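Input: a single structure, listed below in structure tokens.
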Amino acid sequence: MKTYARSRVTKATPERVWAIWSDVSTWKDWNPNVASMEIQGPFRKGTSLVMHTRAGRTHEMELTDVEAGRSFDLKTAVIPGTNFTFVCGVKPADGGSEISQGIRLGGPLGALFGPLIGDRVASTFSELLDGLAGAAEAK
């Protein structure tokens, strides 16, 4: 599966970025798409979440992989016959961090929809990453 992704560098440390990213109660403050998030347990593999978007939609999600302090994958179904896995990571970079978010489209129709919408969805990640970086740099 191809990953369609965006990244940016921030002056914030990886630890600071991770502290904000792994606290889903903050997502509404810096993610332009999120009205609220609910998490059913700790931020670890297998935990379920519910995202309420500013557009009035609700998405059930699951953390399918978590490397504390480094990365996580968040899976949801948006289009019938597909699943979207958001691949999120932070790593040290010159004087701060590089943060990235990507999307992989899977499921029976994922191979069809990936080339059609993958890069378009990823293009929306720049604003999200800017918001995350801004929140991390403000602390």
Side-chain angles (χ1 to χ4, degrees):
M1 255 185 287
K2 181 175 179 175
T3 301
Y4 303 86
R6 298 293 186 274
S7 65
R8 80 175 307 273
V9 174
T10 175
K11 295 181 282 186
T13 66
E15 294 79 16
R16 182 66 194 141
V17 171
W18 183 259
I20 293 171
W21 219 347
S22 62
D23 178 359
V24 301
S25 72
T26 71
W27 288 19
K28 67 184 180 331
D29 301 328
W30 53 264
N31 185 321
N33 301 310
V34 175
S36 67
M37 290 290 297
E38 301 165 21
I39 188 166
Q40 274 72 65
F43 196 89
R44 68 174 181 219
K45 183 178 179 176
T47 298
S48 297
L49 303 98
V50 178
M51 176 192 290
H52 302 278
T53 69
R54 295 187 197 280
R57 295 191 176 108
T58 299
H59 300 288
E60 294 183 9
M61 309 176 108
E62 179 184 356
L63 287 163
T64 56
D65 189 31
V66 177
E67 267 190 74
R70 298 183 65 184
S71 65
F72 65 94
D73 292 357
L74 192 60
K75 188 174 185 177
T76 189
V78 178
I79 299 172
T82 68
N83 56 63
F84 287 22
T85 300
F86 296 94
V87 181
C88 307
V90 59
K91 63 184 179 183
D94 296 329
S97 325
E98 180 181 350
I99 50 178
S100 62
Q101 181 160 316
I103 186 169
R104 290 186 197 128
L105 281 81
L109 298 177
L112 171 68
F113 281 104
L116 295 174
I117 67 168
D119 200 50
R120 187 171 49 150
V121 171
S123 72
T124 69
F125 297 157
S126 296
E127 188 177 6
L128 176 155
L129 294 171
D130 288 346
L132 176 57
E137 290 172 3
K139 299 291 177 168

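Computed from a prediction, not measured in an experiment: that's the story for all the values here.
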Q: Write out all pairs satisfying salt bridge (Lys or Arg N to Asp or Glu O under 4.0 Å) with one or both partners inside residues 107-125, taking only residues at least two apart or from two chains.
A: R6-D119
**Q.** Sequence neighbours excluded, every pair satisfying salt bridge (Lys or Arg N to Asp or Glu O under 4.0 Å) that has a member inside residues 74-98
**A.** K91-E98
Q) Quick one: does Q101's side chain get under 4.5 Å of L132's, heavy atoms only? A) no
Q: Heavy atoms only: give me the nearest A111-P115 pair and the separation to one decimal.
A: O-CD, 3.1 Å
Q. Looking at side-chain heavy atoms only, is the closest gap between L105 and F84 below 4.5 Å?
A. yes
Q) Are any side-chain N or O atoms of S97 and backbone N or O atoms of A12, one a donor and one an acceptor, separated by less than 3.5 Å? A) yes
**Q.** Interatomic distance, T124 atom OG1 to N33 atom CG [nearest 0.5 angstrom]
**A.** 6.0 Å
(Q) Within this structure, what is the CG-OG distance for the pair L129 and S100, rounded to the nearest 0.5 Å? (A) 7.5 Å
Q: Enter the distance from I99:CD1 to S71:OG here, rounded to the nearest 0.5 Å.
A: 14.0 Å
(Q) Restricting to non-hydrogen atoms, name the atom on V90 and the atom on W18 that form the minimum distance, rounded to 0.1 Å. (A) CG1-CE3, 4.2 Å
**Q.** F125 side, atom CZ; N31 side, atom CG - distance, nearest 0.5 Å
**A.** 10.0 Å
Q | Co-membership, hydrophobic cluster, residues V17 and V9, 4.5 Å side-chain | A | no
Q: Take D73 and R104 through the side chain to side chain contact (heavy atoms under 4.5 Å, CB included) test and state the conclusion after the steps.
A: CA-CA 10 Å; D73 292 357; R104 290 186 197 128; 4.0 Å; yes
(Q) So, taking the atom named CD1 in I20 and the one named CG in D29, what distance separates them when rounded to the nearest 0.5 Å? (A) 9.5 Å
(Q) Contact between T47 and P42 at the side-chain level, heavy atoms closer than 4.5 Å - yes or no? (A) yes
Q: Apply side chain to side chain contact (heavy atoms under 4.5 Å, CB included) to Y4 and V121, showing your working.
A: CA-CA 8 Å; Y4 303 86; V121 171; over 6 Å; no
Review item, side-chain donor-acceptor pairs of residues 49-67, under 3.5 Å, at least two apart:
from, atom 1, to, atom 2, distance (Å)
H52, ND1, T58, OG1, 3.3
H52, NE2, E38, OE2, 2.7
T53, OG1, A55, N, 3.3
T53, OG1, G56, N, 3.4
T53, OG1, R57, N, 2.9
T53, OG1, R57, O, 3.4
R54, NE, P32, O, 3.0
R54, NE, V34, O, 3.4
R54, NH2, K28, O, 2.6
R54, NH2, V34, O, 3.0
E67, OE1, R70, NH1, 3.4

Q.
Strictly distance-based, threshold 3.5 Å: is any side-chain N or O of W27 a donor or acceptor partner for the main-chain N or O of W21?
A. yes
